[in-house]
Amino acid sequence: MSLFDSFPRESQIFTCKEYLRHSYTPDKLLHREEQIQQLAKILAAPLRGEAPSNVLIYGKTGTGKTAVARFLLRELELARTPLRVVGIYLNCENTNTQYRILAKLTTFLLEDLKQRIGPFEFQTTGLPERVPNTGWPTDQLLDTMVATLEYEGKVVIVALDEIDRVAGGGEDILYKLSRLNSDLSRSRISLIGISNSANFLELLDPRVKSSLGEIQVVFPPYNATQLKDILEERARMSFREGALEEGVTALCAALAAQEHGDARRALDLLRTAGEVAEEKGCTRVEISHVREASHRLQRSAMEEVLQTLPLHQKLVLLGIVTLKQNGCRLSFGEIYRYYQRICERNPELSAVSPRTVKNYLDELDMLGIITTTVVSKGRGGRTTEVRDLTYPEMRELLSEEMSRFELPPVVESKLCRFLA
DNA sequence: AATCCACAGGAAGATTAGGATA
DNA sequence: TATCCTAATCTTCCTGTGGATT
């Protein structure tokens, strides 16, 4: 009897969880037909030998931008065309400098060429085996790229995801890449820029704006009905028949629709709900499991956000959750004075200025961790009040993490303020 | 209407951290 | 490794403000 025998071999819930991950690109993208048509029309141009236009895609997270881009690249590669199409998808989140992007693209093209013509002929091209991760001037990279492209005529379509993450706004790279076509005679290069922020285009240099922003395709958020369709489609592939209680997908869709129609969130919810059901040894995913899943996801999202906050911002937040115990509203002054006392009690801390704490509060508000409003109390002055904590359990999360700090007692009441 | 509280929130200079460069 | 550069963060200083009180 092995330890592993005690675990069930087969899931009672899932048939294949893979289809619920966001990395999976489905064969059929629901409710994005219009966008697909628009994009396909544009991308088809270079196949006929026409000058390619560049496209900018934007929309919030989980609106299908990446999935559609990947889908189109895949379809294009399969299309029967006079010139071979090579689709390259690159996420700029980690590859976020001009050099790194160019290096990745060039490496990809070199590998592709080597595969096509075989290592022996590749030797004769005089092209480098690989490009170094650092060290070359950008021009040399571009030259290598052009030479690689020209060796064998092809249409290259480059999708740059999260393009707004590129240092310096990514304009240089876009400009350089789009200018590349003038050096190419046998090949063509076409760009798809993918961005989360709608104002990305506004931040661009005018010359890039005109070349990249020729055509823009906007991905609106999904509504609850659309999300439900998408979920049901995926659920069919990934859950056992009858493993979902009535209304489970609808609830996941509704919850995700509240959060700006994010399909990723919806899929996460459904998957986590399935995992919850599995853990509990149930054979069906119930509504309560979705609630639990939603709760878990919220908690882990909150944990993630908390981790990224600077120490003093967390201290301010710790102060807020401590003072907030009795449920009252807190003024900026109260928060700041308590924060100062925390710093006095812990010699290794020295308090930041009130202005900075104000910025912290604004940011916490923006992150949706607290809600603040500016109120005026006449002679009592004008102040920012912290009204609510959006996630009450944050208290435990925080105090657990911040236990190394000694907290001063909460004595600052209305009475104390009178005396002061 | 004038006053005044307790800040709001903008501008600009100072500090710091992290990364590039020699 | 030391030094330099840059972008992000923080501080200092400032003027502005809603509305109960005078």
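Lettering of chains follows the sequences in order, A, B, ..., and the numbering in each one begins at 1. Computed from a predicted structure; not experimentally measured.
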Check: protein-nucleotides 1-6 of chain B nitrogen or oxygen pairs below 3.5 Å:
unit_1, atom_1, unit_2, atom_2, d
dT3(B), O2, Arg379(A), NH2, 2.8
dC4(B), O4', Arg379(A), NE, 3.4
dC4(B), O4', Arg379(A), NH2, 2.9
dC5(B), O4', Arg379(A), O, 2.9
dC5(B), O2, Gly378(A), O, 2.8
dC5(B), O2, Gly381(A), N, 3.2
dA6(B), N3, Arg382(A), N, 3.3

message: Listing request: all salt bridge (charged side-chain N to carboxylate O under 4.0 Å, His left out) pairs with a residue in residues 398-407 of chain A, at least two apart in sequence or in separate chains.
response: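 Every pair satisfying salt bridge (charged side-chain N to carboxylate O under 4.0 Å, His left out) with a residue in residues 398-407 of chain A: Lys314(A)-Glu401(A), Arg345(A)-Glu406(A).
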
- prompt: Could you give all pairs that pass the salt bridge (charged side-chain N to carboxylate O under 4.0 Å, His left out) test and reach residues 117-126 of chain A, with sequence neighbours left out?
  reply: none

Only pairs under 3.5 Å count here: list side-chain donor-acceptor contacts from residues 255-263 of chain A, not counting sequence neighbours, and write none if there are none.
unit_1, atom_1, unit_2, atom_2, d
Asp262(A), OD1, Arg264(A), N, 2.8
Asp262(A), OD1, Arg265(A), N, 3.3

List in chain and number order the residues that pass ring-ring contact (aromatic ring centres under 6.0 Å, His included) with [X], two or more places apart in sequence or in another chain; answer none if no residue qualifies.
{"X": "His31(A)", "answer": "none"}
{"X": "Phe108(A)", "answer": "none"}
{"X": "Tyr222(A)", "answer": "none"}

- prompt: What heavy-atom pair brings Phe71(A) and Asp27(A) nearest, and what distance separates the two atoms?
  reply: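 Between these two residues, the closest heavy atoms are CE1-O, 3.2 Å.
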
- prompt: Does any pair with a residue in residues 349-361 of chain A pass side chain to side chain donor-acceptor pair (under 3.5 Å), and if so which ones, sequence neighbours excluded?
  reply: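 Sorted result for residues 349-361 of chain A: Ser353(A)-Thr356(A), Arg355(A)-Asn359(A), Lys358(A)-Asp362(A).
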
- request: Please state whether the phosphate of dT11(C), meaning OP1 or OP2, lies under 4.0 angstrom from any side-chain nitrogen or oxygen of Ser353(A).
  value: yes

task: In whole angstrom, give the distance that lies between atom CG of Leu330(A) and atom P of dC7(B).
output: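 Those two atoms, CG and P, are 12 Å apart.
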
task: Would you kindly give the OH-to-C1' distance between Tyr339(A) and dC10(C), to the nearest whole Å?
output: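 To the nearest whole Å, that distance equals 11 Å.
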
N/O donor-acceptor pairs under 3.5 Å from side chains in residues 35-46 of chain A, not counting sequence neighbours:
unit_1, atom_1, unit_2, atom_2, d
Gln35(A), NE2, Val218(A), O, 3.3

Name the pairs: protein N/O against N/O of nucleotides 19-22 of chain B, kept only if under 3.5 Å.
none

message: Could you work out, with side-chain hydrogen bond (donor to acceptor under 3.5 Å, both in side chains) as the rule, every residue matching Arg379(A), not counting sequence neighbours?
response: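 Partners of Arg379(A) under the side-chain hydrogen bond (donor to acceptor under 3.5 Å, both in side chains) test: none.
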
task: Using a cut-off of strictly less than 4.0 Å between a heavy atom of the residue and any atom of DNA chain B, enumerate the qualifying residues of residues 355-365 of chain A by number.
output: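 Listed by number, they are Arg355(A), Lys358(A).
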
